[in-house]
Engineer: 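I have a structure here, written as structure tokens, and I will follow up with some questions on it.
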2 protein chains.
Amino acid sequence: MRVYTRIMNKSHSCICINLRQASLAITRFYDAVLEPSGLKVTQYSALIAIRQLEPVSISGLAENLGLDRTTLGRNLRVLERENLITFSPGQDQREHTVHLTSQARLALEVAYPLWEQAQAKIRQNLGQPQVEMLKTLLADLEATIA
Amino acid sequence: MRVYTRIMNKSHSCICINLRQASLAITRFYDAVLEPSGLKVTQYSALIAIRQLEPVSISGLAENLGLDRTTLGRNLRVLERENLITFSPGQDQREHTVHLTSQARLALEVAYPLWEQAQAKIRQNLGQPQVEMLKTLLADLEATIA
DNA sequence: TCATAATACGAGTATATACACGCAATTTTT
DNA sequence: AAAAATTGCGTGTATATACTCGTATTATGA
């Protein structure tokens with residue numbers, strides 16, 4: 001008797017798809033809340049990271065953000081075109097170090113209360129302990145595949 | 001699959017960025033594991049959903065997958081080009097209903113044990129109760145912004 | 001019945017993501 | 001010092017995502 005492979009027919013049993021769907025939905029929410037600042041949440045997080053690490057190379061920034069180097073490089077071009085960042089040569093002639101412009105600092109000041117508002121809504125509706133639990137689980141999850 | 005280790009700033013305070021980083025890392029992991037099947041995890045989940053809901057319209061499928069209608073429409077073109085799905089007109093002349101090909105059913109049979117392997121690794125390393133807790137939190141999280 | 005609203009979809013545009021490949025600069029090894 | 005390995009980055013290619021606008025079809029309501 002042949003036993004045919006039983007395939008799960010519920011995509012929501014997939015941990016990855018669960019994560020992706022939540023990630024996309026929450027991203028849409030943050031992008032909508034941040035809209036008056038002209039920044040998307042990906043751009044906001046990149047600018048925050050740059051401000052924190054400046055001066056920083058593209059690869060260093062990518063590692064910090066958990067993104068592929070080439071992905072971040074292309075994302076940064078958008079920010080450069082919008083006059084939010086500039087590049088300058090580093091000590092090492094291979095490196096391009098990234099800098100915030102004053103326009104970016106202004107945009108971050110506009111974006112910050114909006115971002116806080118998004119964070120607050122989730123904290124209030126989900127509960128602070130649940131938010132902390134979620135962060136812990138996400139960190140542990142990433143550790144399982146490292 | 002590359003694992004982008006974030007040395008500095010491991011705990012970001014942004015709930016959205018936490019989610020996105022985990023989502024991208026886990027997606028890279030699933031894509032790498034599924035690679036022998038020729039399917040990416042997004043494609044795998046789309047095909048599973050189609051098999052479950054067939055015959056289904058593009059909009060109906062998009063709703064089920066939590067994706068924008070136009071996003072899914074473009075994703076489906078890739079699957080059509082790869083001869084994994086076909087379209088046919090529905091009762092309603094506006095609708096395009098989606099169908100799996102036998103090639104897709106074969107690909108799913110190849111992909112299934114690989115997908116199970118990815119799921120198992122996470123279940124074993126994170127723990128079944130933690131996986132359930134994560135799913136609950138993600139569902140609750142999405143409810144907070146609805 | 002006819003005007004209007006709602007639905008289903010595609011195209012245009014734009015950002016985000018990442019792998020493979022190649023090149024130039026730097027570091028390490030021999 | 002020369003060879004080899006590593007590092008930093010860009011390009012080519014491809015998929016994924018979603019917003020706006022336009023069009024055709026269907027449903028609804030006056």
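Residue numbering restarts at 1 for every chain, and letters A, B, ... go by the order of the sequence lines.
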Engineer: Toward the 5' end of DNA chain D, which comes first, A:A25 or B:V78, by nearest nucleotide?
Structural biologist: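 Result: B:V78.
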Engineer: Does anything in residues 29-45 of chain A pair up under side chain to side chain donor-acceptor pair (under 3.5 Å), and if so which pairs, sequence neighbours excluded?
Structural biologist: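 As it turns out, the side chain to side chain donor-acceptor pair (under 3.5 Å) pairs with a partner in residues 29-45 of chain A, which skip direct neighbours, are A:Y30-A:Q119.
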Engineer: What is the distance from CG of B:L67 to P of D:dC19, rounded to the nearest Å?
Structural biologist: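 Roughly 11 Å, once rounded to whole Å.
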Engineer: Please state how far atom CG in B:L79 lies from atom C1' in D:dA16, giving the value in whole angstrom units.
Structural biologist: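 Between C1' of D:dA16 and CG of B:L79: 12 Å.
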Engineer: Enumerate the salt bridge (Lys or Arg N to Asp or Glu O under 4.0 Å) contacts for residues 135-146 of chain B, please, sequence neighbours excluded, ordered by first and then second residue.
Structural biologist: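 Checked against salt bridge (Lys or Arg N to Asp or Glu O under 4.0 Å) - neighbours excluded - no pair reaches residues 135-146 of chain B.
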Engineer: Counting side-chain heavy atoms from CB outward, which of C:dA16, C:dA18, D:dA16 is closest to B:Q43?
Structural biologist: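 Side chain of B:Q43 sits closest to D:dA16.
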Engineer: To the nearest Å, give me how far apart CG (B:D68) and C1' (C:dA14) are.
Structural biologist: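 Nearest whole value for this atom pair: 13 Å.
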Engineer: Donor-acceptor pairs under 3.5 Å, side chain of residues 77-87 of chain A to any protein atom, not counting sequence neighbours: which ones?
Structural biologist:
none

Engineer: Sort and list the pairs that fulfil side chain to side chain donor-acceptor pair (under 3.5 Å) and have at least one residue in residues 120-129 of chain A, not counting sequence neighbours.
Structural biologist: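 Output for this query lists A:E116-A:R123, A:Q128-A:E132.
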Engineer: Which ones in residues 31-41 of chain B lie close to DNA chain D, meaning a heavy atom under 4.0 Å from one of its atoms?
Structural biologist: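 Contacts with DNA chain D under 4.0 Å: B:K40.
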Engineer: Check whether any side-chain N or O of B:T71 sits under 4.0 Å from OP1 or OP2 of D:dT17, and answer yes or no.
Structural biologist: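 Result: no.
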Engineer: Atom CG of B:L76 to atom P of D:dT17: distance rounded to whole Å?
Structural biologist: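 From B:L76 CG to D:dT17 P: 11 Å.
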Engineer: Do nucleotides 2-11 of chain C as a string where each nucleotide becomes B, S or -: B if the base has a protein heavy atom under 4.0 Å, S if just the sugar-phosphate does, - if no protein is that close.
Structural biologist: ----BBSBBB
Engineer: Take the protein atom CG of A:L24 and the nucleotide atom C1' of C:dA16, then report the distance between them rounded to whole Å.
Structural biologist: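 After rounding, the gap between these two atoms is 11 Å.
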Engineer: Grab the CG-P distance between A:L61 and D:dG10 for me, whole Å please.
Structural biologist: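 My rounded result for the distance is 12 Å.
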Engineer: Within the structure, does a side-chain N or O atom of A:N75 lie under 4.0 Å from either OP1 or OP2 of C:dT17?
Structural biologist: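 Indeed, a polar side-chain atom of A:N75 lies that close.
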Engineer: Classify the nucleic acid contact of A:L72 as base, sugar-phosphate or nothing, counting any heavy atom under 4.0 Å across all strands shown.
Structural biologist: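 If one applies the 4.0 Å heavy-atom cut-off, A:L72 turns out to touch nothing in the nucleic acid.
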Engineer: For D:dT17, does OP1 or OP2 lie under 4.0 Å from any side-chain N or O of A:R20?
Structural biologist: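 Answer yes for this pair, as a side-chain N or O of A:R20 is under 4.0 Å from OP1 or OP2.
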Engineer: Only pairs at least two apart or in different chains count here, so list each salt bridge (Lys or Arg N to Asp or Glu O under 4.0 Å) that has a residue in residues 59-76 of chain B.
Structural biologist: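 Pairs touching residues 59-76 of chain B that pass the test: none.
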Engineer: For B:V33, is there any backbone N or O sitting under 3.5 Å from a side-chain donor or acceptor partner on B:Q117?
Structural biologist: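 A pair under 3.5 Å: no.
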Engineer: Please report, rounded to the nearest Å, how far the P atom of D:dG8 is from the CD atom of A:Q91.
Structural biologist: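 Rounded to whole Å, this separation is 14 Å.
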Engineer: Could you tell me the separation between the CD atom of B:E82 and the C1' atom of D:dA16, rounded to a whole number of Å?
Structural biologist: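 Rounded to the whole Å, the gap is 15 Å.
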Engineer: Mark yes or no for whether A:N64, through its side chain, and A:G60, through its backbone, hold a donor-acceptor pair below 3.5 Å.
Structural biologist: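 Absent.
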Engineer: Enumerate the residue pairs fulfilling salt bridge (Lys or Arg N to Asp or Glu O under 4.0 Å) with a member in residues 88-108 of chain A, sequence neighbours excluded, ordered by first and then second residue.
Structural biologist: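 Non-adjacent pairs meeting salt bridge (Lys or Arg N to Asp or Glu O under 4.0 Å): A:E54-A:R105, A:D92-A:R94.
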Engineer: Taking side chain to side chain donor-acceptor pair (under 3.5 Å) as the definition, give me every residue that meets it alongside A:S88, ordered by chain and number, with sequence neighbours left out.
Structural biologist: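 Counting only residues at least two positions away or on another chain, A:S88 forms a side chain to side chain donor-acceptor pair (under 3.5 Å) with A:T97, A:H99.
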